[in-house]
Amino acid sequence: MKNNILFHGSNVTVSKPKILINGYYKDFGYGFYCTNIKRQATRWALTKKGASIINSYSYTENESLKVLQFETTTEEWLQFVVNCRRGIEHAFDIVEGPMADDTVWNYVNDFLTGRISRKQFWVLAEFKHPTHQISFHTLSALDCLTYKKSEVVYDRKRKK
């Protein structure tokens with residue numbers, strides 16, 4: 001990872017990250033998700049009820065962990081996201097790569113259900129802006145994060 005500062009968008013301060021099982025599968029499975037793009041974390045935070053808070057962490061690499069990195073969207077990335085969205089677990093501590101945002105996820109879902117072909121998926125899924133996510137799937141992976149600060153970017157109560 002190029003940047004060792006990561007951001008997590010939420011509606012609360014998250015000084016001690018946890019892996020929450022919340023009933024639906026994400027791109028890389030259950031985990032604690034961050035990004036190195038502050039603007040993206042802000043978008044995540046703005047989707048929450050209540051205040052919109054950006055939590056910042058420093059990330060220290062641990063070479064003993066199993067890490068999977070996708071530099072770009074590839075066939076392997078697509079299959080990994082499909083598997084995770086179907087609830088198929090993996091054995092990685094940390095997974096990093098592009099994000100299947102809502103639009104891209106609709107295309108993934110269309111591919112999963114056979115409404116579009118793999119070739120059609122790649123034509124439709126061309127990213128319009130850079131995305132990034134890094135997910136932490138084990139307690140050892142969470143130990144790589146050191147909480148730095150939280151910042152309220154919008155407070156619905158105070159209309160900030």
Side-chain angles (χ1 to χ4, degrees), residues 1-10 14 17-48 52-148:
M1 179 176 23
K2 297 174 183 126
N3 184 353
N4 74 341
I5 300 298
L6 296 175
F7 307 99
H8 173 79
S10 185
V14 183
K18 296 177 184 168
I19 299 164
L20 301 177
I21 310 297
N22 60 6
Y24 65 95
Y25 301 109
K26 295 183 178 185
D27 289 356
F28 300 151
Y30 293 125
F32 182 75
Y33 281 74
C34 294
T35 180
N36 61 14
I37 304 170
K38 189 173 184 181
R39 183 175 166 191
Q40 182 177 305
T42 301
R43 285 194 303 264
W44 288 347
L46 289 170
T47 66
K48 311 291 184 196
S52 299
I53 298 173
I54 304 302
N55 297 281
S56 301
Y57 309 88
S58 63
Y59 170 74
T60 304
E61 225 174 285
N62 177 342
E63 293 185 16
S64 69
L65 298 179
K66 289 180 69 176
V67 177
L68 177 61
Q69 286 184 292
F70 297 100
E71 295 294 325
T72 62
T73 54
T74 62
E75 288 289 332
E76 292 79 18
W77 170 86
L78 174 59
Q79 191 58 56
F80 192 83
V81 169
V82 165
N83 289 347
C84 289
R85 291 281 184 146
R86 286 181 170 160
I88 299 170
E89 294 185 25
H90 59 78
F92 294 98
D93 297 293
I94 297 173
V95 181
E96 179 179 12
M99 183 177 86
D101 62 17
D102 291 342
T103 302
V104 173
W105 173 243
N106 289 337
Y107 302 144
V108 170
N109 197 41
D110 288 344
F111 170 69
L112 277 171
T113 59
R115 286 193 287 267
I116 63 173
S117 68
R118 186 176 294 270
K119 183 177 180 179
Q120 289 168 318
F121 168 82
W122 286 112
V123 170
L124 292 168
E126 183 180 336
F127 287 102
K128 306 291 186 250
H129 53 83
T131 61
H132 172 265
Q133 62 187 339
I134 181 168
S135 55
F136 299 83
H137 301 277
T138 61
L139 294 177
S140 297
L142 289 177
D143 286 342
C144 295
L145 297 175
T146 303
Y147 173 76
K148 292 298 181 190

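Ile134 contributes atom CD1, which lies 7.0 Å from atom CD of Gln69 (distance to the nearest 0.5 angstrom). Note that CG of Asn62 and OG1 of Thr60 are 9.5 Å apart. Values are rounded to the nearest 0.5 Å. A distance of 6.5 Å separates CG of Asn4 from OG of Ser58, quoted to the nearest 0.5 Å. One finds the OG1 atom of Thr73 at 9.0 Å from the CG atom of Leu78 (value rounded to the nearest 0.5 Å). For the atom pair Ile54 CD1 and Arg39 CZ, the distance stands at 12.5 Å (nearest 0.5 Å). Separation of atoms NE2 (His137) and CG (Leu65) is listed at 11.5 Å; rounding is to 0.5 Å.
Counting only distance, with no hydrogens or angles, the side chain of Gln40 and the backbone of Thr131 share no donor-acceptor pair below 3.5 Å. Of the possible polar contacts, one joining the Gln133 side chain to the Pro98 backbone as a donor-acceptor pair under 3.5 Å is found. When atom types are taken as modelled, the side chain of His8 and the backbone of Tyr33 share a donor-acceptor pair closer than 3.5 angstrom. In this structure, the side chain of His132 engages the main chain of Asn36 through a donor-acceptor pair within 3.5 Å.
Residues Arg85 and Asp27 have side chains in contact (heavy-atom distance under 4.5 Å, counting atoms from C-beta outward). Counting heavy atoms from C-beta outward, Tyr59 and Ile5 have side chains that stay 4.5 Å or more apart. Inter-residue side-chain proximity for Asn55 and Tyr147 is flagged as met; some heavy-atom pair is nearer than 4.5 Å.
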For side-chain contact (heavy atoms from CB on, under 4.5 Å), just list the numbers for Val67 and Glu61, CA-CA rounded to whole Å, side-chain angles, deciding distance to a tenth of an Å, and then say yes or no. CA-CA 10 Å; Val67 177; Glu61 225 174 285; over 6 Å; no

When you look at Gln79 and Arg118, which way does the side-chain contact (heavy atoms from CB on, under 4.5 Å) test go after all the steps? CA-CA 11 Å; Gln79 191 58 56; Arg118 186 176 294 270; 3.8 Å; yes

side-chain contact (heavy atoms from CB on, under 4.5 Å), that's the test. Do Val81 and Phe28 meet it? Break it down for me. CA-CA 6 Å; Val81 169; Phe28 300 151; 4.1 Å; yes

For side-chain contact (heavy atoms from CB on, under 4.5 Å), just list the numbers for Val95 and Phe70, CA-CA rounded to whole Å, side-chain angles, deciding distance to a tenth of an Å, and then say yes or no. CA-CA 8 Å; Val95 181; Phe70 297 100; 4.2 Å; yes

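Nearest heavy atom pair, residue Asp110 against residue Thr113, reads O-OG1, 3.2 Å. Nearest heavy-atom pair across Ser52 and Ala45 is OG-O, 3.2 Å. Closest heavy-atom contact between Pro17 and Leu142: O-CD1, 3.5 Å. The nearest pair of heavy atoms linking Cys84 to Gly29 is CB-N, 3.5 Å. The shortest non-hydrogen separation linking Leu6 to Phe136 is CD1-CZ, 3.8 Å. Contact between Gln120 and Ser117 at its shortest, heavy atoms only, is OE1-N, 2.6 Å.
Using a 30° and 60° split on the angle between ring planes, Tyr57 and Phe32 fall in the perpendicular class, above 60°. Between His90 and Phe80, the two ring planes are tilted [angle within 30° to 60°].
Under 3.5 Å, the side chains of Asp93 and Thr138 contain a donor-acceptor pair of N or O atoms.
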